[in-house]
Colleague: 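Take this structure first; my questions come after.
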Number of protein chains: 2
Amino acid sequence: MLSTRSINLVTRPLSAVNAIRLSSSSSKIQASAMVYSNYGKPSEVLSIHKHYLPELKPEDVHIRFLAAPINPADCNQVEGAYPIKPPFTNALGSHDPVAVGGNEGVAEIIAAGEQVKGFKVGDKVIMANAGKGTWRTHAALPATDVQLLPGFNQDVSLVHAATLTVNPSTAYRMLKDFTLLQQGDFIIQNGANSAVGQSVIQLANAWGLKTINVVRDRPNLDELRQYLTSLGATHIITEEELSKRETRSKLKEWLNGRKLRLALNCVGGKNATELGRYLDHEGKHVTYGAMAKQPMQVPAAPLIFKNISFHGFWVSRWTDTHSAQERESMLADLIDLIKQKKLKEPIWEKVSWKVNAPEEETLKTFREAVDKGITGYGKGKQILVFDE
Amino acid sequence: MLSTRSINLVTRPLSAVNAIRLSSSSSKIQASAMVYSNYGKPSEVLSIHKHYLPELKPEDVHIRFLAAPINPADCNQVEGAYPIKPPFTNALGSHDPVAVGGNEGVAEIIAAGEQVKGFKVGDKVIMANAGKGTWRTHAALPATDVQLLPGFNQDVSLVHAATLTVNPSTAYRMLKDFTLLQQGDFIIQNGANSAVGQSVIQLANAWGLKTINVVRDRPNLDELRQYLTSLGATHIITEEELSKRETRSKLKEWLNGRKLRLALNCVGGKNATELGRYLDHEGKHVTYGAMAKQPMQVPAAPLIFKNISFHGFWVSRWTDTHSAQERESMLADLIDLIKQKKLKEPIWEKVSWKVNAPEEETLKTFREAVDKGITGYGKGKQILVFDE
């Protein structure tokens, strides 16, 4: 059941595989993985480990990755500052126990064990859950660790597929799960230019909701305004403007009698507190990030007298506590929106990972990218694209 | 249908009623009320207004108050710093429009209009909702503004009856409505010596729950420890101890594998943040007061990764958004616990309001009491007791 493709891979010049042990239990599929053996700054602790995939087990699949983002949370994970900590193991035949970086990505099935049902060679799959390591050319995994993308076709790019389970899924759940929103209702969010923020704008727009989008002041503010408006943002306001007293009447005008019952926060600190100030009775304040690395202040009065509540959202927990069917239904919705051109790719920057390129070159490119990935800024989301 | 009692009331010496207008639409029932015509410090803006109750309307009841507490929220109301703001009116025949202070209390029906059903003269009633004014000797109100106390008998003191709808009801709802607690489960609360805190300890104890009680350090800490332990407190710890690193292992020992999923906060500031730190995954942090008058800091990580959420509770909103049946069922439960001696009277101090005493005397006593009521400290809850 090995594809031609996976056989081609082992016909590479021998020079490239010098460092790799080929044991009797190995397949002939040569893989590279971005690994770390202790926590630290990603650009410092990550290195490439080359190995052969193990022989195909009956319940496993062999996959080759096509694209995988460097999300800020992936970087926190390498730093040891993320609750999902893949164990350091020698499973890949490394000298020191290592973990593979990355949590999200799209891959192609290149071989499926004889007990595997529902997948065939050539199928595009995404990860069924976080923590499995996606910064690698190939992986051997239990088939339960991957899942098909419902409705995936040529209208859905690899970048879309590689980035669907974290950012758009976070936006989708936050808009659906905290309060019942109806057509014409408003939500407010800070960090509106973040990858999740962009998804929020587009999903809200597709669902007939209106958005008040808070961004940091910046030299190219007009450009950002234009871009967010092109995605469907209703109103855009800077953090500084939001904190002004007169903004209250401006927001009142915008809302025109509608209640503001959902605030989405990925910034924290003072700005998160500000968002809460504009929420109406029964409003929900949902935190999914902390770019400012500052706690927010929560006064007692809105909690007690306006029944505003403060929540957090973490898509990995959502995935772990909901059925595969629920996730599939969400992904199908998202893919529908992509096909209808209502959900665009995030702004992204290609990080090329050529399977046959010298190790040093791949590592250099990756390290530059990962430093941009930590901040979440750079020219856009850093996305590993695996080319041969 | 006038009781003997209400007839007796109008046989007072004329000297006491000199200042009162007796119009053709008045009854012969003479009343005094603690009123304010503008917001400010209660001991400064409150004054006594004497008047006759209006003639009994078909849908009204005439009541005479037996006992009414001075709750901190009542004082905030007089200060204008409370969301429930009884309108200033001339309904009591005052020169300036006034509002009557107080929200909670127990009264006796002294007359019931011909259309009133379900009440008879002599029935003890409490207020069906907040904002009706209980700091007065008598009132004429629509019968819908009062309700019977289910199961009320001689085992239930007037102080109990007068203070049931705010503090014990708050404790009851907070323990019931935010997370499902099972026998042996722990909760943590600060301000454990507050009136609500004492109710929490007793209700938790009656329901087989365990409490970790945080109090401020103080000279008579041992005495307080003893008292709270006598109410059923499982553990008592000072704010200072709670903030120490080694407390984590102590709490772990206390919990002995149980998860801590409910924190009750009436303090705010740093201590409220501390409580949150000890909550387990899915924990609920509920604020019902802000004694320290400081907002709490909420870091992002517990919101996102532990799914801890921050809520507020306000018993007036609960009453407004729930049926009379639900409230009655809660009050019946509370009264059962009182009869079983599982819920004691709060520690309280009598504020005597003698119906026939000179106005100046009543006002002086009241002003002293209200200043203690603002802080919520003093020697206990300040409770107006109406004697003839």
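Just so we're clear, the structure is a prediction, and the values are computed from it rather than from any experiment. Just so we're on the same page: letters track the sequence lines, and every chain starts at 1.
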Colleague: Relative to chain A, which of B/Ala300, B/Ala301, B/Pro83, B/Pro299 shows the most heavy atom pairs under 4.5 Å?
Modeller: B/Pro83
Colleague: Please find the pair of heavy atoms, one from B/Arg317 and one from A/Ile304, that lie closest to each other, and give the distance.
Modeller: NH1-O, 2.8 Å
Colleague: Heavy-atom pairs under 4.5 Å with chain B are the metric here; pick the option from A/Tyr82, A/Phe310, A/Tyr288 that has the most.
Modeller: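 Going by pairs under 4.5 Å, I would pick A/Phe310.
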Colleague: Above 12 or not: heavy atoms from other molecules or residues under 6.0 Å from NZ of B/Lys252?
Modeller: no
Colleague: As a test of understanding, state which of B/His285, B/Met296, B/His311 forms a side chain to side chain contact (heavy atoms under 4.5 Å, CB included) with A/Leu303.
Modeller: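 With A/Leu303 as partner, B/His285, B/Met296, B/His311 yield a single side chain to side chain contact (heavy atoms under 4.5 Å, CB included), made by B/Met296.
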Colleague: What part of B/Ile84 gets closer than 4.5 Å to chain A, counting heavy atoms only: side chain, backbone, both or neither?
Modeller: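 No part of it gets close to chain A.
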Colleague: Among B/Ser316, B/Ala290, B/Gly289, B/Gly269, which residue forms the greatest number of heavy-atom pairs with chain A at distances under 4.5 Å?
Modeller: B/Gly289
Colleague: What part of A/Phe305 lies closer than 4.5 angstrom to a heavy atom of chain B: side chain, backbone, both or neither?
Modeller: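 Its backbone and side chain both get close to chain B.
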Colleague: Would you say that more than 12 heavy atoms from the other residues, nucleotides or ligands in this model lie under 6.0 Å from the CD of A/Glu240, or not?
Modeller: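 Atom CD in A/Glu240 is not crowded, with 12 or fewer foreign heavy atoms closer than 6.0 Å.
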Colleague: Check whether more than 12 heavy atoms from other residues, nucleotides or ligands sit under 6.0 Å from atom NZ of A/Lys270, and answer yes or no.
Modeller: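 Open.
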Colleague: Measure distances from A/Lys293 to the heavy atoms of chain B and classify the residue's part below 4.5 Å as side chain, backbone, both or neither.
Modeller: neither
Colleague: Specify which of A/Thr287, A/Val298, A/Thr273, A/Val286 makes the most heavy-atom pairs with chain B at under 4.5 Å.
Modeller: A/Val298
